[in-house]
> 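Okay, handing you the structure first.
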Amino acid sequence: MHRLLSLTLVCLAALYLVPAGRFTCLTVWTARMVTLICLLAFVSGADELHAAPKPDRAWPLDSAVSERLRQKGGSAVEAVGVHNQCLVLKGKSLLESRAGSTIPHSAEPFTLTAWFNPYNIDRGQQMIAAKNRYALDEREWGVMIDRDQRLRLYIRQNGWETAESTAVLQPGHWHQVGVVVASDRAELWLNGKLAGTVALTRPIPQTNAPLTFGGVDDNGRIWQTFQGALDEVRLFQRALPAEEMSALYTPVTATHAIPDFAKPFPLWDDTQVLPVADDIPALADITFRVIKKWDRAADGYTFLHGVGLAWHQGKLYASIGHNQGAENTVTEEAQYRVSEDRGATWSKLRVIDAGEEPDLAVSHGVFVSHRGQLWAFHGAYYNKMQHIHTRAYTLDEHTGRWVRHGIVIRDGFWPMNQPVRMEDGNWIMPGISAGPYSNKQVFPAAVAISHGDDLSKWDYVEVPAGAGIDRMWGESAIFLDGARVFNIARYGGGAVALAAVSEDCGRTWSPSRISNLPMATSKPAAGTLSTGQRYLVCTTARNNGGKRSPLTIALTRPGGSRFSSVYVIRRSRNGGQPGESADDLGLAYPCAVEHQGQLYVGYSNNGGRRGNMNSAELAIIPISSLQTLR
């Protein structure tokens, strides 16, 4: 090619520098035509050198109806794409290639490219393309937007090896991802540039897992789903060199408007930086107490969970769900203790209800002190989490016994935080509409609304799950703003809070949708302090995943509805304070109640154990220390 260019230049120089009189007109014309042909040949050859390679197989993703793909978990919709149309996935479905499990053959060299336009990059792991079925031990590779919002390539070797891009992905913008697998390495490409490399010490396993786009079909469980648009997937049955990978990319300036279903609910004030866990400042002047230490050897109880707190007649009451058997079995009991010295010492364990009916279990619940009476509302079920409902009790202070008011709420309702009185005179109690636990189903948040001050009668109201919410264990908390009620719920698809709003004192609700506030997959506690600040107790930290440590409190400004600061209540190691400490433990299922200038926060501490073998502990926070944190 370079010799052809040299010959062309020499010919041009000779023709234009030598006087025309030395040649006949015909000769000059002929020579100039030959030179022009040589020049055109050079240009054509140069174009071929830099032309994009032709794929061996392609999925244009121009139409929701395709013989090359099957849709699973829901339907994709068409939109304007990089080339013609593209397919938009709402975060609950995926596309599966019909080409068979050997396309591509992961143990042999291949290259795959795809255009993707993410709508929300902060919703857990979102797979762009993959060949995995984890439940069947079929693990090959996958390229995804990971929990830390970075593009990451996972390659199966002796475990997972990864390569990542440090580039910031832009929601609503088109990006091109490339995966190149050679005999000795795998490469991650983003927008025509090499982003990272994984050294291969062995061939990538070849399994029966299908090639999927926008999620993983894990033997029937659709998850790691992508929310956004996909376009122009191309497969090359060889490892493309760098110059060809670069030639495949041309910037796309067109953008997508983010649809409502993908916009995160603004629970966090985006003008403030949410720190990672290690950088969150710790509150000072906290007093720590132990309500009930986990001590199976002494008392025979294995499961302990779900602290409920209330001040009543100058005494602090704390309830728990307790079980000598396994969690969520018929031997569960609702128990409580009482403290007359602000949690320094406690009475012996007492029983609210041990489930004396056949196959009945009564578990953890909540308290409220109203008109001189202490009410308790506890989740209950038959057998193993069947026919979940809520039972009500009032304390007879003369006898020390609990009066049973029976089932007051059905529909799977399990209360998660204490009732709060609304401006319309009714009380509202947040919880979950639950069933036998599954991480593959949607168990939505729910509330119960009293009939005025009659706390023996309640209306059940479900908070609908929004589009794209395919897994949810909706344990929820609320805070009020006049007739407006905010519901904050636990998600099952990622470590982020779900949020919904009612404008009519809880009677109707917007769908629960993903917020911009990271939150551990645990029951939250929320409310409004006497300062006018709203609070959320859980684990809230940037890039912390589902870890239930440290225990934090997020705060709004007085009267605000967006959290703007977060502080540590306690970390896994707690510097010799009362309670269990370990390098890695779970601090979960908090509840909170304000009393005489203090915020009392009860929580479970698993001491580094598993299976909710928890101690019940208490943190007492001066409200004055929170007032300065505005």
Side-chain angles (χ1 to χ4, degrees), residues 90-92 117-126 144-151 168-173 225-228 255-277 279-280 445 463 465-472 474-479 481 484-502 509-526 533-547 552-557 559-567:
K90 294 185 177 181
K92 59 191 305 183
N117 187 329
Y119 290 170
N120 184 351
I121 62 174
D122 189 18
R123 55 181 304 272
Q125 293 183 320
Q126 300 184 74
M144 68 168 71
I145 302 172
D146 217 333
R147 296 183 182 93
D148 59 2
Q149 304 176 26
R150 291 187 174 183
L151 185 69
V168 178
L169 301 175
Q170 298 294 328
H173 291 251
T225 51
F226 176 74
Q227 192 175 77
T255 60
H256 279 195
I258 304 300
D260 288 342
F261 71 78
K263 292 178 181 177
F265 189 101
L267 276 180
W268 178 259
D269 182 351
D270 280 334
T271 67
Q272 305 299 310
V273 176
L274 179 64
V276 296
D279 294 339
I280 298 176
V463 180
I469 304 299
D470 58 352
R471 291 183 294 141
M472 182 177 180
E475 296 163 329
S476 67
I478 57 170
F479 63 82
D481 182 11
R484 177 178 292 179
V485 186
F486 291 80
N487 182 283
I488 301 174
R490 172 181 173 178
Y491 187 26
V496 62
L498 299 180
V501 176
S502 170
W509 291 87
S510 68
S512 289
R513 75 178 201 257
I514 293 172
S515 76
N516 64 345
L517 183 69
M519 188 180 81
T521 48
S522 175
K523 176 184 88 74
Q533 296 165 281
R534 276 71 190 224
Y535 67 85
L536 173 70
V537 180
C538 198
T539 297
T540 295
R542 180 164 54 89
N543 298 340
N544 206 51
K547 290 184 62 177
T552 63
I553 181 169
L555 297 165
T556 71
R557 297 177 179 88
S561 60
R562 297 187 185 185
F563 298 100
S564 57
S565 57
V566 62
Y567 300 89

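Just so it is clear, the structure is predicted and the values come from calculations on it, not from any experiment. Computation of the quantities below employed the complete heavy-atom set of this structure, encompassing side-chain atoms and omitting hydrogens, waters and symmetry-equivalent molecules.
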> Report the residue from K90, K263, Q126, H256 that forms a side-chain hydrogen bond (donor to acceptor under 3.5 Å, both in side chains) with Y119.
H256

> Does any part of the side chain of S515, heavy atoms only, come nearer than 4.5 Å to the side chain of V496, both counted from C-beta?
yes

> Is it true that atom CZ of R471 has more than 12 heavy atoms of other residues, nucleotides or ligands lying nearer than 6.0 Å?
yes

> Please walk me through it: do F265 and L498 pass side chain to side chain contact (heavy atoms under 4.5 Å, CB included)?
CA-CA 8 Å; F265 189 101; L498 299 180; over 6 Å; no

> Kindly compute the distance separating CG (D146) from CD1 (I121), expressed to the nearest 0.5 Å.
12.0 Å

> Rounded to the nearest 0.5 Å, what's the gap from CG on D270 to CG on L517? Could you check?
10.5 Å

> Nearest heavy-atom pair of M472 and A465: which atoms, and what distance?
SD-CB, 4.2 Å

> List the atom of R513, the atom of P266, and the distance in Å for their closest heavy-atom pair.
NH2-CD, 4.3 Å

> Let's go through D269 and T556 carefully: what are the C-alpha distance in whole Å and the side-chain angles of both, what is the deciding distance for side chain to side chain contact (heavy atoms under 4.5 Å, CB included) to 0.1 Å, and is it a yes or a no?
CA-CA 9 Å; D269 182 351; T556 71; over 6 Å; no

> Rounded to the nearest 0.5 Å, how far apart are CZ of R562 and CZ of F486?
9.0 Å

> Side chain to side chain contact (heavy atoms under 4.5 Å, CB included), that's the test. Do K92 and T225 meet it? Break it down for me.
CA-CA 6 Å; K92 59 191 305 183; T225 51; 5.5 Å; no

> If we only count heavy atoms from C-beta on, is the D122 to P264 side-chain gap below 4.5 Å?
no

> CG/N117 to OG1/T255 distance, rounded to the nearest 0.5 angstrom?
8.0 Å

> Determine whether V501 and R484 satisfy the following criterion, side chain to side chain contact (heavy atoms under 4.5 Å, CB included), listing intermediate values before the conclusion.
CA-CA 7 Å; V501 176; R484 177 178 292 179; 3.7 Å; yes

> Going from CD1 on I145 to CG on L151, what distance comes out if it is rounded to the nearest 0.5 angstrom?
7.0 Å

> What pair of heavy atoms forms the shortest contact from A489 to M519, and how long is it?
O-CE, 3.6 Å

> Indicate yes or no for a side-chain donor-acceptor contact from N516 to the backbone of W268 under 3.5 Å, with no hydrogens or angles considered.
yes

> Using every non-hydrogen atom in the two residues, find where F563 and Y535 come nearest and quote the distance to one decimal.
CE2-C, 3.7 Å

> Can you name the closest pair of heavy atoms from P275 and V273 and give their distance?
CD-O, 3.4 Å

> Ignoring hydrogens, what is the shortest heavy-atom contact between N487 and A445? Give both atom names and the distance.
OD1-CB, 3.6 Å

> Find the distance between OG (S565) and CZ (R557) and round it off to the nearest 0.5 Å.
7.5 Å

> Hey, is the main chain of T540 close enough, under 3.5 Å, to the side chain of T552 for a donor-acceptor pair?
yes

> Is there a donor-acceptor contact under 3.5 Å from the side chain of R542 to the main chain of A277?
no

